[in-house]
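Have a look at the structure below before the remarks.
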Protein chains: 2
Amino acid sequence: MEARHLRYALALAEHAHFGRAAGALGIAQPPLSKQIADLEREVGARLFDRTRRGVFPTAAGTAFLARARRALDEIAAASVDAARAARGETGRLRLGFIASALLEPLPDVLCRFGRERPDVQLELHEMATSCSTSVLVAGDLDVAITLGPPQGVGVERLVSVPIGHDHLIAVVSSSHPYAGQPSVSVEQLRRQPLIVASGEDEPAVITGLRALLGKDSPALSGATVARDVHTIIGLAACGMGVGLGPSRMLSAPRAGTWFCEVAPRTPLPDLVLSFAAQDRSPALNAFLDVIRKNCPDVGVALDHRLGTRGGAHRGGRH
Amino acid sequence: MEARHLRYALALAEHAHFGRAAGALGIAQPPLSKQIADLEREVGARLFDRTRRGVFPTAAGTAFLARARRALDEIAAASVDAARAARGETGRLRLGFIASALLEPLPDVLCRFGRERPDVQLELHEMATSCSTSVLVAGDLDVAITLGPPQGVGVERLVSVPIGHDHLIAVVSSSHPYAGQPSVSVEQLRRQPLIVASGEDEPAVITGLRALLGKDSPALSGATVARDVHTIIGLAACGMGVGLGPSRMLSAPRAGTWFCEVAPRTPLPDLVLSFAAQDRSPALNAFLDVIRKNCPDVGVALDHRLGTRGGAHRGGRH
DNA sequence: TCCCGGCGATATCTCCGGAGTATCGCGGAT
DNA sequence: ATCCGCGATACTCCGGAGATATCGCCGGGA
């Protein structure tokens, strides 16, 4: 059975007249008669009663027409849904990110993306940089925000672009002796209990700190280890010591805390956006569009990567 | 778009390989490639990613396939539903009947019909004989059970068959003086308050009573009028007088009542089953089958009517 | 009673497009 | 460098969808 049979049956039911139904369908009457006859033979039941006063569905025809209507609706919806999905208006976007990304680029980006693409199902997975990378390569994430460029097997299949520079700053309770200072020195850091991020989760940060404080520094080995920046800020606010983290912490001001620079200024790995060079879903393209709009310089770098490292340009046209 | 495109897309998604999908569909690979290409052009979006490792649906393809599956399910269900409706397994049966039919033929028939055709929606409309007839002719009932053959405009388009002979009996409270008697005479009836059916609802009964008791009999004109036999029995049980009704009342024995014959024996109009000679729905045919099984002699009369008065023999084959 | 007109079915022809065959182009593997 | 597997392309062919002409049936009207 073909969709044509359903359309013809519905038209016949609507016009109750072979000639007029055929006219509405843009065909002649004999083909319509034949198609309906074929349909009735295939179904094994008479679907229409041909009377002098008109053509009316039988009980079997009524049951058939109800299903036919739904079937044609589904077929029409299939095209519409596919087109919407192709434009990135529906679908799913699985985003992996380090916790500190929640401080600075994500609130803006997610808010805007949610507004522009309300029907895209966002899956947010907070995870360490190394984890993001492997999951991304395995195809279980669409895009990831990591600290420093991805490393490991399969990274050659990823496109990465830095989306923010960063350096180390300190955070203390506002009742802490250092509160009010514009900056703290390395000497001052060595004299205080420190709160740092876990080396396993974000090794790049700990490496930077080792370079700053000295390898095997007792201040560092005795430091409190937290799994993410929010915990670092929280612990610092409680007076547990001097928290050390990315300057992005400044965008999450919290009552009872004091942020200050660390001297000398210590750069941290860039925040990096990565995704598979191939198999970019329309939802991902929409996400990249939002990134482009949010920070034009990143957009330029993105276009450069996509232009040089292969992968079709922006989806949509075929 | 045709159902063929949906079937091909689903097969391709299932086998993830043009050649094997084509083989499963019983066609060669190039036609499948072309049909998928046509489909993608019509939808306006690429539905499948052709990779070295296989053919996988894109986001648009995934959305499309979900709808396609449902559409094909509806199409398959359309045939099944139509065939079931044609066999009278589903559908609707609108039955008009006089209240007294609930006493005798209907309990058996409805019980059996409900067991044999559980998915047929039964609409039961209690109504007077004259009402049944006109509604039946108007096409708003499928079958009717009336007292005496239908009369009025359009009855020539109906098929009618008697389904039960009847005569007048009396019902009284078990504390009534007549309780215990095998029969009551006309004299005895004239000496007691009577309870009879409304002449407007069932004129045939009242006509029979007039013949028995005498036109303008004071006993009759002073009688209590009830709209249906159940009320007659109930009023008689309360000691309100002598109830008069069809012998079918005997099949609804009720504590505290006494039924007895009326002498002389007075026949009442037959209980008649009627339906439109043409446009018999499968559900109606199923109902007639139940009638045939329930009372073989009625079945024979039925077959005779359908055989002689036109109308195709039992539906089903085409 | 006969004739006419409307409607659906049937017969026949045409032609489009779905399917088959052969081949190409492109990567990946040996 | 060669081979092989896979999808795309080019062409050919034929079945069937559709057009035209006509028939059969029935109902209304003169």
Side-chain angles (χ1 to χ4, degrees), chain A residues 1-43 45-58 61 75 154 156-157 277-279 309-312 318, chain B residues 1-43 45-58 61 153-154 156-157 277-279 309-312 318:
Chain A
M1 190 181 321
E2 289 299 325
R4 182 185 55 253
H5 294 115
L6 309 187
R7 286 190 292 267
Y8 287 10
L10 286 176
L12 181 56
E14 186 186 344
H15 294 92
H17 185 284
F18 274 83
R20 280 191 290 276
L25 289 167
I27 63 173
Q29 171 257 319
L32 178 59
S33 285
K34 182 171 190 312
Q35 292 296 316
I36 295 293
D38 290 348
L39 177 61
E40 289 177 327
R41 191 166 34 74
E42 178 174 356
V43 169
R46 200 155 187 80
L47 299 179
F48 291 94
D49 265 336
R50 286 85 158 161
T51 74
R52 320 274 142 243
R53 275 166 300 286
V55 179
F56 305 103
T58 62
I75 290 178
E156 70 280 2
R157 294 205 299 257
Q278 306 298 326
D279 305 329
R309 305 231 340 216
H318 46 85
Chain B
M1 191 182 320
E2 288 300 325
R4 184 184 52 254
H5 294 114
L6 310 187
R7 286 190 291 267
Y8 287 9
L10 285 177
L12 181 55
E14 186 186 343
H15 294 93
H17 184 285
F18 274 82
R20 279 192 291 275
L25 289 167
I27 64 173
Q29 171 257 319
L32 178 59
S33 285
K34 181 171 190 311
Q35 291 296 316
I36 295 292
D38 289 349
L39 177 61
E40 289 178 326
R41 190 166 35 73
E42 180 173 357
V43 170
R46 200 154 188 77
L47 299 179
F48 292 94
D49 266 337
R50 287 83 157 163
T51 75
R52 324 274 147 245
R53 274 166 301 287
V55 180
F56 304 103
T58 61
V153 297
E156 70 281 2
R157 294 206 299 257
Q278 306 298 328
D279 305 330
R309 307 237 328 224
H318 50 85

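Residue numbers start from 1 in every chain, and the chains themselves are labelled A, B, ... in the order their sequence lines are given, proteins ahead of strands.
The side chain of A/R4 lies closest to D/dA17, out of D/dA17, C/dG18, C/dA9. Checked against D/dG7, C/dG20, C/dG8, the side chain of B/H17 finds its nearest nucleotide in D/dG7. For B/V55, counting side-chain heavy atoms from C-beta on, the closest listed nucleotide (D/dG7, C/dA22, C/dT10) is D/dG7. Nearest nucleotide to the side chain of B/P31, out of C/dA19, D/dA17, C/dA9: C/dA19. Counting only heavy atoms from C-beta on, A/P30 has its side chain closest to D/dA21 among D/dA19, C/dG18, D/dA21. Among C/dG18, D/dA10, C/dT10, the nucleotide with an atom closest to any side-chain atom of A/S33 is C/dT10. When the nucleotides D/dT9, D/dT20, C/dG18 are ranked by their closest atom to the side chain of A/A28, D/dT20 comes out on top.
Atom-to-atom distance recorded for A/R4:CZ and A/L39:CG is 10.0 Å, nearest 0.5 angstrom.
A straight line from CZ of B/R50 to C1' of C/dG25 spans 15 Å, rounded to a whole angstrom. Rounded to whole Å, atom P of D/dA17 lies 13 Å from atom CZ of A/R7. As rounded to whole Å, 17 Å separates atom C1' of D/dA19 from atom CZ of A/F18. Distance CZ (A/F56) to P (C/dC7): 13 Å, rounded to an integer number of Å. A straight line from CG of B/L12 to P of D/dG7 spans 8 Å, rounded to a whole angstrom. Atoms CG (A/L39) and C1' (D/dG16) sit 16 Å apart, rounded to a whole Å. The NZ-P distance, from B/K34 to D/dA10, rounds to 12 Å in whole Å. Nucleotide D/dA8 holds its P atom 12 Å from the CG atom of B/D38, rounded to whole Å.
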Q: Could you walk me through whether A/L12 and A/I36 pass side-chain contact (heavy atoms from CB on, under 4.5 Å), step by step?
A: CA-CA 9 Å; A/L12 181 56; A/I36 295 293; 3.9 Å; yes
Q: Step by step, work out the side-chain contact (heavy atoms from CB on, under 4.5 Å) result for A/V55 and A/H17.
A: CA-CA 6 Å; A/V55 179; A/H17 185 284; 5.6 Å; no
(Q) Test side-chain contact (heavy atoms from CB on, under 4.5 Å) on B/Y8 and B/L25; report intermediate values, then the result. (A) CA-CA 7 Å; B/Y8 287 9; B/L25 289 167; 3.4 Å; yes
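A donor-acceptor contact under 3.5 angstrom links the side-chain atoms of B/Q29 to the base of D/dA8.
Using a 4.0 Å heavy-atom cutoff across all strands shown, A/G54 reaches no nucleic acid atom at all.
If B/R52 and A/Y8 are placed on DNA chain D by their nearest nucleotide, the residue sitting closer to the 5' end is B/R52.
Under a 4.0 Å N-O distance rule, the pair A/R7/A/E2 does not qualify as a salt bridge.
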